[in-house]
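Note sheet for the following structure.
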Amino acid sequence: MADTLTPVLTAGWGDERSWTLEAYRGRGGYAALDTALGMAPADIVTMVKDSGLRGRGGAGFPTGMKWGFLPPEDPEDPKPRYLVVNADESEPGTCKDTPLMMASPHTLLEGVIISSYAIKARTAFIYVRGEILHCVRRVQAAVAEAYAAGHLGTDIHGSGYDLDVVVHTGAGAYICGEETALLEGLEGRRGQPRLRPPFPAVAGLYASPTVINNVESIASVPSILEHGADWFASMGTEKSKGFGIFSLSGHVKRPGQYEAPLGVTLRTLIDLAGGIREGHELKFWTPGGSSTPILTAEHLDVPLDFEGVGEAGSMLGTRALQIFDETTCVVRAVLRWTEFYKHESCGKCTPCREGTWWLVQTLANLEKGIGSESDLDQLDDVCDNILGRSFCALGDGATSPITSSIKYFKEEYLAHLSGGGCPFDPIRSTVFADEGVLTP
Amino acid sequence: MTATADTQAEVEKSDLVTLTIDGIEVSVPEGTLVIRAAEQVGVQIPRFCDHPLLDPVGACRQCLVDVPDAGNGRGMPKPQASCTLTVAPGMVVNTQATSPVAEKAQQGVMELLLINHPLDCPVCDKGGECPLQNQAMSNGRGETRFEVAKRTYPKPINISAQVLLDRERCVLCARCTRFSEQVAGDPFIALIERGALQQVGIYENEPFESYFSGNTIQICPVGALTSASYRFRSRPFDLVSTPGVAEHDACGAAIRVDHRRGKVMRRLAGNDPEVNEEWITDKDRFAFRAARLEDRLEHPMVRDDETGSLRVASWPEALAVAARGLAAARATGVGVLPGGRLTVEDAWAYSKFARVALSTNDVDFRARAHSAEEADFLASDVVGTEDVTYADLDAASVVVLAGLEPEDEAGTLFLRLRKAARKSGTSVYAIAPYTTRGLRKVHGTLLPTAPGAEAEALAGLSWDGVVPVDERTVVLVGERLASVPGALSVAAKLARSHGAKLAWVPRRAGDRGAVESGLLPGLLPGGRPVTDATARVDLAAAWGAQSLPTEPGRDVAGILGAAAAGALGALVVGGVEVADLPDPVAAREALDAVGFLVSLELRASEVTERADVVLPVAPTTDKAGSYLNWEGRLRPFGRIMHVPASLPDLRVLAGIAEEMGAPLGFRTPEQVQDEIASVGAWDGERPASPSVEPGGLDVLPRRARSGSTTSESSTTEVVEQRAQASASRPGEPTGDGGLLLASWKQLLDDGRMQDGDEHLRATARRPVVLAPAGLLDELGLAAGDTAELSGPLGSLVLPVDVADLPDGVVWAPASAPGASVRTLVGPAGSAVTLSPTGGVA
Ligand SMILES: Cc1cc2nc3c(=O)[nH]c(=O)nc-3n(C[C@H](O)[C@H](O)[C@H](O)COP(=O)(O)O)c2cc1C
Ligand code: SF4
Ligand code: SF4
Ligand code: FES
């Protein structure tokens, strides 16, 4: 079973001081950069297109195609182009970019340099979630190492190509992971999404053409340069090519990052993770973070690629597989997520701002057994008035846990009402519950 | 003209985009937003954040529509915000009128907007005229399903002395913040916090100090923003609305006057796309209570022979006394000082009264610094012209301002200029002493000029290449240039020789009308020069007068001087503030000395207290009339209140003239309008522009004078050379701490027409003395320290701040409330000194 894994990005994570430049060079790092600098930028774009790499930040937009959207350079009106790496990773459950930057920041940096070269950017920004300070420091240290070694700065590897990388720290807002809000933040403004058009490819950072990509998307680029587009495309499924990091968290024996081809099933991944914790069984899970509708045990064999999860009524998202066993109260879990969205709503648009305010109160009452069955219809209807009506996808995401949980677990909601409150013992779902520490 | 219009129409036709909205085909110009295209087919899509004069944000989501075909054969999967969606050929849009999806989406958003909105409509100013109320009725659900807790905030917070914010009423549409940032350029309010706690906030250290703040109240789609002066005063359904024209400057802004039982309750911006769009200044909005103050004159008064004090008289008596006194003085001579705040009709009456009843040309409306050169310029280059319009500012490549600070002196013009700079790429240059906040807001460039050196600076534009002056250049000169010899002559010459457009922008609403009506010693109505015999005969014939005085009269200073010296037997004075006159001390002496003084006034003043006859006149609300704005555009307005005892100036003057046996031939504004139309404008030769040489100051950089081109010298270099040149003016006070005072009136000041609204006055800018950094260093002063500014009239202690003024020049506001530099220190151009007081403001 172990050969299901395809460790590429995660390959060197176990090395001694894997995050250092020395360790990275030791595993062949920065060789792909030489290959890239020997190519015409347009050929790299073509190569990434051919590889079939799709954005790893959630939406799965083809990366090479995104690069191709940059308008041709206009000698009349020369504007700088920017690469911005989205390292804001704040979606509940998502935990792949942070470990990647902790364990092998140079993989990302090499990707940044190659990608910047490909799109003819001379400045790149890495926008790192502010709360993960140790990770920020690690990326900063890697950038410093790369400058010192001549991988960054002027005349990189004697190619004549110059690139500066700026590491920017976020200030604690989930919305700043949304690419246009991120740009606002980078420019020093409040993080709120921008109106599109103009799209970032045309007028992004400082109104200049900008490419924004997820950490994992960019970190995948060196491997494509090294092994070729066909190699990358040979993995995964027809429309979801390559590999990705699957982050298993929650009620499995060995939570962590499992790098596998897209299309792998949860059943396989749970096996790799040693199974559901002893004596328990899978109840529900998120395929790609809290913004993706939850699935249940009946979906264990759904291929985890963009199409498969879509057909199952959810989204692949960021492959943040949060696993919940039968000890978990779905109403409680959904309320917690909804509180998160209410707290993180940027406030710009009515449906998300006001809707989350309402949803939280209704859910909180339901958890306490207050309300009636019609409240469930109302929840569904309020979600219907938010989904697809909000300014950005945060509002859409806020409705996912609610509508999907009502779909699969309506009885459990009703049990709260008939039983005058939550029928679950929350302690039973904790990690320490089975250790007998706190169970009365 | 027609040919151009036709081709334009054709071009436009080909730019039209045809789409289908609710099954109806409609063609609209490219780039039109769907929400406005829908209006063309008669569908009003509900909206909150959308405003046609603000950049779209798409924040409220109230305007969602269904788009089954985006014009490419494919439908849009989600409902779209019609306020951010531009039309495309072949697009199909279904609004709430035809699409259940759109209807549900809109109802859903409306319900969500209401969950956190308080139910205090019965006590809310907006209740009855509230877009939220109205659209909740038209596009909302009948019943709420929200039964949990609403978000609440402590009741209202002052975001300025005038503007209050009830946060829980706010629907977070960002209209107020976008207006402040985009239109006014005063981004002192911003949305802060996030989620449902998002709210409009102010900077902790900076008040919401904007001359245009009241517009936010008007465009707020709910009652979240209210004004301290109107809050809780009345309900919209009790108000009667009448269109009007703002009387506080020469811009001619359209306003709406809302009144109840004979009392004006509030004023709002009218919508005139060609003039003020939908915006007015806070002065136009809030300054209307002066006529209701205690000192309003209600009855005519005459000076009692026995007691020597004024006593109430009947109209017939007062008119008779006035007529007798004036008739008696006619032989010696009577001077007329009508002031600059008259309607065109009242100005006409003064002009005819002076010429026909008093047989004099001793008439001058300019209650401020003035010169013979200015009078000539008004006769040669201003009267009868309509060369520059607001729209021309958008079309202009360059606008040059000289002696004019639009934000303070012509607020509507300022906003249009800012719009032109923001949207049309118009470049603004200011011949001014320092980079004002207003200049920064129009992204303008300063051509640093010490007061008095404006003429040279204007002359420099011809040759120094800093500013491109051609047919696409507009030169706007302010009335302050009257005190700079040569400036107006040079401006006229500059415009003529480069084909640029020129306009004179005075400060007062009646100034331009006074010019057209001939309230100048050398100018008769319709631009007829006094010295032109044909013009005189033409007018005399139209007026049915035997003859008209042939000699040009005295200007304001001349009239006052002659009155003081006994060379004039009487004065007729209109709405003139003595403090506004160039030499108030001499003016008071003249008013004391003159044998007979007739005052036509609204409120007790320094003139009425000295007058022999006081004749109360109607405020603008009580009469019909019109103003001519700086463009030369007629801005008529109707009477709002019918108060039979309240007589316009023209009726009072007609009454005196009748008593004098020289009837004017009209008694009502309508009759005057007919007469103006029948007399018409002068079609004879225009006098030549004045050709006063600039004050003999040599400011031309040597290189330019020796004939070399400026292509090699960069713009900044030339600007610096100019700055140096204008700083080291010969003959100006230097050494001994001698400084030159630059000064003008700010929009909100101690002006009497702003009396009665303390909230408005509290938003006036705090007075400071601005000085160049070097001077402050020299004096050991830091920004915020206080210093004593001393001049010919006395001294005043004010805080100081730094500005990019030329060396040797300081600036202070002429008429700040409680700190009137013009009366306590001296007029603009005075020699002053600045000395530290050791204090901190
Ligand atoms: C509320 C919200 C939060 C997001 N957070 C992240 C994030 O933390 N990291 C990320 O890469 N993309 C995030 N995205 C997606 C980005 O907007 C964008 O699609 C992505 O960075 C594009 O990169 P990719 O094409 O490489 O996937 C978020 C989107 C939304 C709506
Ligand atoms: S959906 Fe609206 S309120 Fe929510 S985060 Fe996006 S823009 Fe902000
Ligand atoms: S105060 Fe009024 S205008 Fe400003 S955001 Fe709130 S609702 Fe909109
Ligand atoms: S009016 Fe369109 S989103 Fe507000």
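Values reported hereafter were calculated over all heavy atoms of this structure, with side chains retained and with hydrogens, waters and symmetry mates removed. Quick note on labels: first sequence line is chain A, next is B, and so on, each numbered from 1.
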Can you check whether [Y]'s main-chain N or O pairs, donor with acceptor, with [X]'s side chain at less than 3.5 Å?
X       : Y       : value
E193(B) : Q198(B) : no
Q199(B) : R167(B) : no
D305(A) : G308(A) : yes
S405(A) : P401(A) : yes
D74(A)  : P78(A)  : no
E103(B) : T98(B)  : no

Is it the backbone or the side chain of [X] that comes under 4.5 Å from a heavy atom of chain A, or both, or neither?
X       : answer
A81(B)  : neither
Q62(B)  : neither
L64(B)  : side chain
I192(B) : backbone

In terms of heavy-atom proximity below 4.5 Å to chain B, should [X] be classed as side chain, backbone, both, or neither?
X       : value
D396(A) : side chain
S390(A) : backbone
W357(A) : side chain
N365(A) : side chain
R190(A) : side chain

Validation row: P131(B), R47(B) side chains within 4.5 angstrom (heavy atoms)
no
R196(A) side chain near T180(A) side chain, heavy-atom distance below 4.5 Å:
yes
Lys/Arg cation over aromatic F306(A): R54(A), 6.0 Å, 45° cone
yes
Looking at [options], which has the largest count of heavy-atom pairs under 4.5 Å with chain A?
options                            : result
N116(B), V109(B), L191(B), V171(B) : N116(B)
P56(B), C49(B), A105(B), A59(B)    : A59(B)
A190(B), G108(B), P79(B)           : P79(B)

Looking at T350(A), L195(A), D384(A), which has the largest count of heavy-atom pairs under 4.5 Å with chain B?
T350(A)
